[in-house]
Structure formats: structure tokens, C-alpha cells
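Keep in mind that this is a model prediction, so the values were computed, not measured.
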Amino acid sequence: MNRLLSTRRLTDIASHAYIWLLLLLFVMPFAALVNYSLTGPRGEFALQNFAYVFGSFTENLGWSFRISLLTLLINLAISLPAAYGLVRYNYPGKHLLFAFLSLPLYVPAAVLGIALVLTFNFTYRLTTSEWGLVLAMVVGSFPLMLTPTVVALKDLPIVFEEAAQCLGASKWQTYWRVVFPLIGPGIGAGMLLCFIIVFNEYLVTLFVKPTFITTAPVRVFNLVRTAGLLPTTAALAVVMQVISFLAVLLFFRIYGTRYLKGTYLL
Amino acid sequence: MLLLVLPAIAIVVLFLYYPLLFIVQMSLTEGSSYLSPAGPIYTLQNYAEMVSRYLPNVLVTIELAALAAIVDLIFGFPFAYILVRKVRYRNLVRSFMVFPMFGALYIAFGMRFLLLPGGWVYNLLKSFGIQNPQLYGLPSVVFAMALFAFPFMVLNIGTALSNIDPTLEEAAACLGAHPLQTLQRVLLPLSRAGIVAGLMLVFGWSVGAFAEPLLLGSINEQRSLAWTLYQRGVVQTDYGLSTTMGIVLLILAFAVTYVALRQSKGVLGE
Amino acid sequence: MSSVRLDGITKRYGHTLAVEDISLNIAEREFVTLLGPSGCGKTTLLRIIAGLIEPTAGRIYFDQQDVTYLSPRARNIGFVFQQPALFPHLSVADNVGFGLSVKGVRKDVIAKRVEDMLALVGLSGYGKRMPAQLSGGQQQRVALARVLATDPRVLLFDEPLSALDRNLRETLKYSILDLQRKTGKTAIYVTHDQTEAFAISDRIVVMNAGRIEQIGTQMDIYLHPATPFVAEFIGANNSLSGVVTSVQEGEVTVDADGLRIHCRPHSAFREGDAVLGYIRPENIALLNDKDDHDVHHIGYINVFDGVLDRVIFEGATAQVRVNVNGRELRVDVSGAQRLTLSRRGGRVRIGFNDVTLIPKPA
Ligand SMILES: Nc1ncnc2c1ncn2[C@@H]1O[C@H](COP(=O)(O)OP(=O)(O)O)[C@@H](O)[C@H]1O
Ligand SMILES: [Mg+2]
């Protein structure tokens with residue numbers, strides 16, 4: 001048989017073609033947005049749509065960054081100790097507890113939204129403060145921080161902690177000088193996932209946001225719904241995705257992709 | 001040690017489990033009577049109404065999610081297999097695969113542009129001789145939902161497949177099995193847990209789809225529960241009915257997620 | 001530089017006894033090895049001494065101080081693990097200085113000490129490297145330097161060489177002994193490798209199933225194993241089971257598996273005692289047929305005729321299986337004699353003197 005056209009070679013070519021075809025499908029919606037965002041009123045190439053980004057949208061972006069940052073900080077503060085408590089100690093019901101903490105990931109956003117807005121209204125009186133929104137983001141996203149941290153901690157041999165202890169380090173010194181630096185990539189992966197999710201969140205936000213806050217994705221959503229298919233709106237959506245993608249690239253640059261194991265990203 | 005986990009527990013109890021219990025209670029009250037000075041009126045009427053008036057909404061939600069899961073399985077299994085067995089440039093693939101994660105909103109929005117008269121898909125279909133195609137409807141919605149959840153399916157099947165020793169396939173081949181027989185008798189049985197988990201998780205995630213039916217669907221798909229819930233709850237402040245829809249949605253999502261999580265081994269391992 | 005005293009140490013995991021009622025005295029500056037098969041509780045005992053595990057019962061003393069419930073950092077011990085366990089994010093110098101730095105020692109003092117320690121283990125000038133840039137043996141030497149930098153009272157080693165290849169093991173075990181002698185630290189060393197234990201220990205503690213079988217020097221353990229376990233675990237041994245038939249002026253005669261054996265045991269036996277007899281293969285001689293008849297002239301009190309079953313040439317030695325009255329004995333032959341062994345099925349004569357007798361356990 002002709003070596004160039006052997007069955008093995010053909011299946012290989014077909015396999016890679018299949019992968020690339022699907023990857024193309026993945027970026028199609030994004031490519032379409034880019035295409036339209038660069039189209040002027042008469043169908044010509046134009047950058048003017050992006051000028052719109054620097055108008056009132058900067059305020060929305062500002063809110064999104066602010067909410068994301070606050071959420072990240074709270075997520076860190078609750079996930080790091082929780083991961084340690086889940087991995088380094090043994091007690092009955094540990095797996096159940098982890099499932100109990102991970103459950104928010106599986107609650108549909110609309111359900112979380114309606115449940116939170118009602119309790120914020122009637123129980124917590126949080127509807128008029130940005131903290132309500134932040135806490136809603138926290139509960140929906142902290143499992144994304146917890147999981148990679150747990151994985152990283154589980155993969156970290158306990159011998160490093162024992163060595164530090166035997167060398168005279170206190171519990172805190174062991175955490176700060178040994179454990180945290182060594183699970184850094186895991187924590188970084190968690191922060192990346194949380195940032196991406198919270199930065200682009202619009203559904204829960206629609207329910208629980210106080211009237212004075214409009215985050216960037218909510219603005220995009222409102223524009224899509226009310227103003228139809230404007231190239232300027234496409235420009236905003238492109239900017240959002242580019243910011244998110246830059247965060248991903250930054251992480252890949254620093255740590256590579258392997259630390260995202262066990263999370264949404266393989 | 002439990003002290004370390006306590007803040008996390010507090011967060012989920014205060015902002016997830018209590019609110020969920022709260023909407024269970026709310027779903028048992030009439031309209032917005034919870035707010036009335038006379039006190040809430042308890043009733044099962046909302047659930048009766050779900051059956052009598054909103055059954056089509058429930059069914060279309062299930063239909064869309066199930067179709068998305070099946071589409072993901074059909075396209076995801078070969079994808080995962082090739083990725084695990086043949087692809088060296090996995091980092092590149094992963095970089096591409098983050099796009100759906102930015103949110104269904106952008107996918108749906110981008111696809112609207114594609115489906116527009118004059119859009120790429122529209123033009124493509126026209127070049128095949130299809131005139132005035134009806135592009136807003138079930139196929140577009142399912143496609144967008146499938147795209148959004150695709151990485152989930154690949155993750156679950158890929159994990160299962162990468163745990164299968166490649167020599168098993170070689171052994172089957174050496175014993176004279178046709179590749180399709182190897183698939184049917186070796187790969188599928190051994191990756192069953194991953195497939196089931198993938199199907200369930202995709203379904204569980206997709207029942208809550210919001211932007212895709214809204215932006216890409218016809219009237220029929222726009223009846224899906226998440227969007228109806230939003231309208232009844234936020235726009236019309238019918239708390240009783242909207243929370244009931246929330247409960248139904250939650251049950252749909254959890255029933256399958258439970259099965260999925262039982263199938264896949266936990267992050268904590270043994 | 002402390003003495004260590006263990007008093008009735010027991011560790012229980014659910015129903016398994018990992019360590020059972022161990023008492024042991026270790027003198028200042030002594031090098032003691034815990035030797036035993038895998039799973040016998042060595043690591044558990046060592047980690048109890050370090051304070052990484054709390055014992056279920058018993059007490060630990062460093063000098064006169066009761067340290068049973070002190071944390072590892074309060075005990076001031078140096079623990080060398082199986083893997084070097086160098087902190088991968090810190091340089092070699094920062095690793096070695098870690099113990100001083102967590103105690104808040106001044107930076108320049110640490111730098112000086114780090115230099116001294118690296119010189120001590122022969123790695124001067126490696127301070128700036130990262131652990132990943134060192135070979136396995138170098139990493140383990142840095143681990144030693146890191147432990148010594150804190151000037152610990154006791155050095156604890158948990159199979160520190162088992163992850164290294166053979167040549168490295170050979171040289172590093174003497175480096176460890178050397179450092180221990182130079183610094184005068186008390187050392188407790190865990191291994192399952194008897195040549196390692198024999199090479200470096202002052203005393204060896206043989207453990208089995210969570211208990212101590214025998215404590216003694218290399219000679220004690222090799223020549224006079226106290227229990228059947230020690231006799232079979234240390235070196236190779238032919239084991240026979242029999243009954244004492246006569247005792248005369250310290251010479252004991254035993255009928256064992258069809259052989260009548262004479263020996264001069266260390267302890268007293270009486271007629272009728274059930275015993276186990278052990279004869280080391282290297283202590284049995286293959287005799288020429290010409291050295292016949294008067295056995296006492298050739299210096300062997302036990303001489304048997306047998307049939308050569310099998311010769312296994314192993315290089316420096318040859319293993320020979322000799323069938324005596326249906327009982328197979330292993331004989332190790334070294335020297336020029338091993339090169340002339342070619343006959344199979346031929347008749348041979350064997351002779352030996354040293355037999356270890358141990359009362360048969362009930
Ligand atoms: N954390 C533990 N839980 C339960 N059993 C254990 C634990 N650690 C050790 N063991 C048991 O205790 C015994 C002794 O183990 P170890 O001290 O590691 O042996 P060694 O170091 O001599 O190989 C083994 O049977 C082991 O299974
Ligand atoms: Mg051990």
C-alpha cells in the first residue's frame with residue numbers, strides 16, 4: 001500500500017482535522033463578534049466601535065473589577081483554611097462535607113438568583129448594598145477556588161510540613177513559608193477560575209444587584225436585549241472576552257496548564 | 001480542624017442552604033402574599049399550576065438540556081479520545097476551550113450575528129440553495145448550549161479514557177478485533193462512568209440555560225424555565241410561582257448531578 | 001547530644017499494633033540502628049521519638065527530660081527522611097538556614113552557619129543552587145546539612161539511602177557515620193538493609209511485628225541470634241528442627257531431621273528439649289573424599305556424607321545444595337574451591353562446627 005495514504009495515516013489526518021474543526025466552532029461566536037465589532041456603518045472596516053468602550057462602559061468595567069476583586073479576597077480567606085481542614089485532617093463525613101461545600105456549582109444560576117434576592121429582601125436586608133452582590137458571587141464561585149486548592153494540597157507530600165516542623169517551625173511559619181508557596185499554582189488556578197466566572201457573571205447579578213450597580217456583563221446583556229445587534233455592543237463583548245482571555249494567558253504563562261486539572265478546564 | 005472549614009460552611013449555609021429552604025417555603029405561598037400585611041397564604045396552588053399551565057415549559061427545558069447532552073456526547077467522545085491518545089498540543093486545545101467558559105451570553109450573542117441575514121451561517125446555507133432558512137429555533141439553541149457545556153463532557157470522558165491502559169486496545173487489536181469492536185467491547189464499557197457523569201453534568205448545567213433560549217430561540221424555546229422564572233419573579237414579582245419554578249429547576253439539576261457525582265471519584269480521593 | 005530512653009512505647013492503629021511495648025536505652029553519642037523487615041514498625045517508632053506521632057502508651061526521655069508530649073519543634077531533633085524533602089522553592093542555602101531562620105537568628109549568623117554546614121557535607125559553593133539542580137545524593141547531603149545546622153540533640157534517620165542507587169548508598173552511609181562521629185550526636189537510624197546496619201552501627205536493634213527481637217552488636221546478632229526470627233532474618237541459614245538427646249560436659253547432641261548433630265551452645269539445654277538448630281551455609285565446609293575417616297583430625301565435629309544436588313555459581317561464591325539423608329542443606333563455597341565444582345549427583349562430604357541452638361517456641 002502507498003505509504004503516504006496508509007489507513008493509519010489517513011485516520012491520523014482525519015483525527016487532527018476533527019479536533020481543529022471543533023476548535024474552530026469554539027471560536028466562531030467570538031470571531032463573529034470580532035468581525036462585527038470592526039464593521040462601520042457602511043460595512044467597512046472601522047475601529048470606531050471600540051471608542052464606545054471608553055465611554056460610560058468604563059464605569060461598568062470598574063464595578064466588575066471591584067466586585068471580582070472583593071470576591072477573590074473573600075474566596076481566598078475562606079478557601080485556604082477550608083482546603084487545609086479538608087485535606088490534612090481525617091474525620092468521618094469528610095467527603096460529604098466537601099460535596100456539601102461544592103454544591104453551589106450545581107445550582108442553576110436563576111435558582112440561586114431568585115433564592116438570594118428573596119432572602120436579601122426579607123431576611124438579610126442586603127438589597128441596597130454592594131456586599132449583597134459580593135456575597136452572592138462568593139457563594140457561587142468559592143468552590144472553584146476550593147477544588148484546585150484541595151487538589152494541590154493533596155498532591156503536596158506531607159513530608160515538607162513534617163520537615164519544617166522538625167526544623168523548629170511553628171504551625172504558622174510552616175503555612176507561610178512552606179505550604180502556601182508550594183501550593184501557589186493551585187491557588188492561582190482557583191483565582192483564575194473565580195475571576196473568569198465572576199467577571200463575566202450576569203444572571204445572578206441581574207437578580208441581586210442593587211439599582212446603583214451595573215456590572216459590565218449586565219450592561220452587555222441589557223444592550224443585547226433592548227438595543228438589538230449593535231456593532232458597539234459586539235465591541236463591548238469582545239473587550240470582555242479579551243480581558244478574560246488575557247487572564248488565562250497570564251496564568252498559562254506563569255504556571256502552565258497542568259494545575260487546572262480537576263477543574264472545568266481539564 | 002473543623003474550625004478551619006467553618007467560614008466556608010457558614011457561607012454556604014447562610015447564602016445557599018437557607019435561601020433554598022426559604023424558597024421552598026415561598027413556593028408554598030400564594031402570589032406575592034408573603035408580603036401582605038395579612039400574612040402569607042399557604043397553598044399548593046403553585047405546584048398545581050406548574051402541572052396545569054407550565055408543563056410545556058418544563059418539558060421544553062428537559063428537551064433542550066437532554067439534546068445538548070446527547071450532542072456533546074456524540075461530538076465529545078471522539079474529541080476526548082483523540083485528545084487523550086493522539087494530541088501533543090494539548091495546551092493549545094485548552095486555550096481554545098476556555099472561550100465557552102466566559103459565558104453563554106457571548107456565545108449566544110455571537111451566534112445571533114452568525115445567524116443574521118447576511119451572517120456567515122445564513123450565507124453558507126443560502127449558497128447550498130436553502131432560501132430564507134428559519135435559523136432562530138431549537139437547533140441553534142441546542143448548538144449554543146452544547147458548545148457551552150462541551151468542555152465538561154470532554155473533561156469527564158477524557159479522565160475516564162486516560163485511565164484506560166492503551167495496551168488494552170493493542171491487545172484487542174492483536175486478538176483480531178475490528179476498531180469498532182474494540183470501541184464497543186473495550187472502550188465504551190471501561191469509560192462508562194465518565195460517559196454517564198458527563199451526560200448528567202451537562203444535563204444538570206443545561207437545565208438552567210438562560211441566554212441561549214432567550215437570544216436564539218423561537219417562542220417555543222423561550223418558554224424554558226430559567227427565563228420564565230426571571231420574568232415571573234423579577235418582572236411580575238409573583239414570588240410564589242417563580243420560586244416554584246426554581247424548585248422544579250433545582251430538582252431537575254440535582255437529580256442528575258447526584259448520579260453524576262456518585263459515578264465519578266471525588267477530588268479528595270481515598 | 002542526649003541519651004534517649006524509651007519506656008514501654010506502644011502505638012495502636014485501630015486493631016493493628018504498629019509498635020508494641022518497646023523499651024530501649026540509647027547512650028549519648030551512640031549510633032543505634034533499628035533493623036527489620038518492611039512493616040515491622042520501625043518508621044512508626046522513629047516518628048514517635050521525633051514527636052511526629054503520639055504514642056498510645058509509654059514515655060520518651062531525652063536525658064532526664066520527659067518529652068513524650070512535646071511537639072517536634074520543642075524536642076530539637078534532626079529528622080532525615082527517605083526523600084531529601086528539600087523545600088523546592090528555596091535555594092540550598094535557604095534550605096540549610098531554614099531551621100535557624102524560623103528561630104529568628106540574625107541573617108549574618110545564619111549565613112556563616114550555612115557555609116560551615118555545606119563545607120561539612122562537602123558541598124561548599126552550592127548555596128545559590130535550587131534543589132532541583134542537584135543530584136539525588138547531593139540533595140540528601142543538603143538534607144543532612146539542614147538538619148545539622150540547628151544543632152539537634154538527636155539525629156533520626158528513616159531509610160535515608162533507600163531512594164538512591166547502590167554506589168551512592170555505599171559512599172553515603174560512611175559519610176553519615178563520619179558526620180555523626182565528628183559532631184558527636186546521638187543517632188537512631190532505621191533501615192531494612194542488614195549490610196547497611198552492620199556497616200555503621202554501634203548497636204543494632206532487630207525488630208519484628210512491632211516488637212524488639214534482639215539488641216546487640218553485629219557479632220552478637222550474627223553469631224548468637226536470640227530468636228528464630230533473628231536467625232532467619234540475618235544472613236542465610238539452614239534450619240533444622242529436633243530434640244536434645246544427650247548433654248555431656250557442655251556438648252549437646254541433637255537429633256534433627258534425621259541427622260545427629262553435636263554442638264556447644266551458649267545457653268543450657270536439657271535432654272528432651274525441643275530445639276531449632278541453625279547452621280550458616282558459609283560455616284559448612286565441602287571436604288575432599290581423601291580427608292576421610294578420622295573426623296576429629298580434620299577439626300569438624302559434625303561430618304556427613306551426601307549427594308551433590310545442584311551447584312549455583314554466583315560469581316564470588318557458589319551455592320551448593322547437598323542432600324544428606326533426604327534433608328537438603330545449603331553450603332556456600334568461596335575461594336578457589338568454587339571453581340572446581342562441576343560434578344552433579346556426585347557424592348560429597350561436608351563438615352561443620354558452629355550450630356546455633358534455640359529452644360523451639362511453643
Ligand atoms: N497511619 C497508619 N494507620 C494505620 N496503620 C498504620 C499507619 N502507619 C503505619 N501503620 C501500620 O503499622 C505497621 C508498621 O508500619 P511502619 O512503621 O511504617 O513499618 P516500617 O517502617 O517498619 O516498614 C504496618 O503494619 C502499617 O500498616
Ligand atoms: Mg518505613
Side-chain angles (χ1 to χ4, degrees), chain A residues 15 18-19 22-23 25-30 32-33 36 78-79 81-82 84-86 89 94-95 97-99 101 103-104 106-111 114-116 118-119 135 138-139 142 147 150-151 154 196 200 202-203 207 217 220-221 224 229 234 237 241 244 248 252 257 262 264-266, chain B residues 1-2 4-5 7-8 11-12 15-16 18-20 22-23 26 75 78-79 82 86-87 91 93-94 96-103 105-107 109-114 116 120 151 155 158 204 207-208 210 215 226 229-230 233-234 239 242-243 246 249-250 253 257 261 266-269:
Chain A
S15 300
Y18 179 73
I19 295 277
L22 284 194
L23 292 183
L25 281 182
F26 267 61
V27 290
M28 272 308 265
F30 175 68
L33 287 175
Y36 276 88
I78 61 177
S79 300
Y84 202 85
L86 281 168
Y89 297 91
K94 199 165 92 159
H95 290 82
L97 180 58
F98 183 71
L101 293 177
L103 209 67
Y106 306 104
V107 178
V111 179
I114 190 79
L116 281 175
L118 291 179
T119 41
L135 286 167
V138 165
V139 77
F142 91 89
T147 305
V150 161
V151 172
K154 216 167 63 70
I196 289 176
N200 293 300
Y202 65 97
L203 189 43
F207 283 90
V220 173
F221 177 77
V224 174
L229 303 178
Q241 292 186 82
S244 310
V248 176
F252 283 7
T257 58
Y264 185 90
L265 284 178
L266 277 179
Chain B
M1 75 244 171
L2 229 50
L4 294 168
V5 196
I11 288 282
V12 290
F15 297 108
L16 182 73
Y18 169 70
L20 290 183
F22 190 81
I23 62 167
M26 202 62 130
F75 285 94
F79 190 90
I82 298 170
K86 298 197 172 169
V87 169
N91 281 354
V93 175
R94 283 173 190 159
F96 273 92
M97 281 172 73
V98 298
F99 274 93
M101 202 189 156
F102 300 154
L105 175 60
Y106 308 133
I107 296 178
F109 186 28
M111 277 189 60
R112 266 188 88 117
F113 277 112
L114 291 174
L116 216 57
W120 295 342
L155 168 68
V207 289
F210 184 84
L215 297 181
L229 182 163
Y230 176 74
V234 175
Y239 296 141
S242 62
T243 49
L249 208 46
L250 197 64
T257 305
L261 295 183
V267 168
L268 283 172

Fill in: Ring centres under 6.0 angstrom apart (B:F109, A:F221)
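No, they do not, as the ring centres are separated by 6.0 Å or more.
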Worksheet item: Do B:F99 and A:F30 have their ring centres less than 6.0 Å from each other?
Response: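 Under 6.0 Å, so yes.
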Of the backbone (N, CA, C, O) and the side chain (C-beta and beyond), which part of [X] lies under 4.5 Å from a heavy atom of chain B, both, or neither?
X: A:V107; value: both
X: A:I19; value: both
X: A:A237; value: both
X: A:L25; value: both
X: A:Y89; value: side chain

Discussion item. Checking the side chain of B:Y239 only, and the main-chain atoms of A:I114 only, is there a donor and an acceptor separated by less than 3.5 Å?
Written reply: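 The answer is no, because no donor-acceptor pair under 3.5 Å joins these two groups.
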Discussion item. For chain B, which candidate among A:S244, A:P108, A:P104 shows the most heavy-atom pairs at distances under 4.5 Å?
Written reply: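 Of A:S244, A:P108, A:P104, A:S244 has the most heavy-atom pairs under 4.5 Å with chain B.
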Item to complete: Flag the one option from A:A32, A:A99, A:S79 with the top tally of heavy-atom pairs under 4.5 Å to chain B.
Response: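 Heavy-atom pairs under 4.5 Å are most numerous for A:A32.
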Taking C-beta and beyond as the side chain, do [X] and [Y] meet within less than 4.5 Å on heavy atoms?
X: B:L20; Y: B:L250; value: yes
X: B:I11; Y: A:L101; value: no
X: B:I107; Y: B:P100; value: yes
X: A:V138; Y: B:F15; value: no

Worksheet entry | With sequence neighbours excluded, residues passing side chain to side chain contact (heavy atoms under 4.5 Å, CB included) with A:P217 |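 Partners of A:P217 by the side chain to side chain contact (heavy atoms under 4.5 Å, CB included) criterion, ordered by chain and then number, come out as A:S64, A:Y202, A:T215, A:M240, B:Y106.
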Check whether [X] gets within reach of chain A through its side chain, its backbone, both or neither, counting any heavy atom under 4.5 Å.
X: B:V234; value: side chain
X: B:F102; value: both
X: B:L4; value: both

Worksheet item: For the candidates B:G246, B:P19, B:G208, which exhibits the highest count of non-hydrogen atom pairs separated by less than 4.5 Å from chain A?
Response: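 Top option by heavy-atom pairs under 4.5 Å: B:P19.
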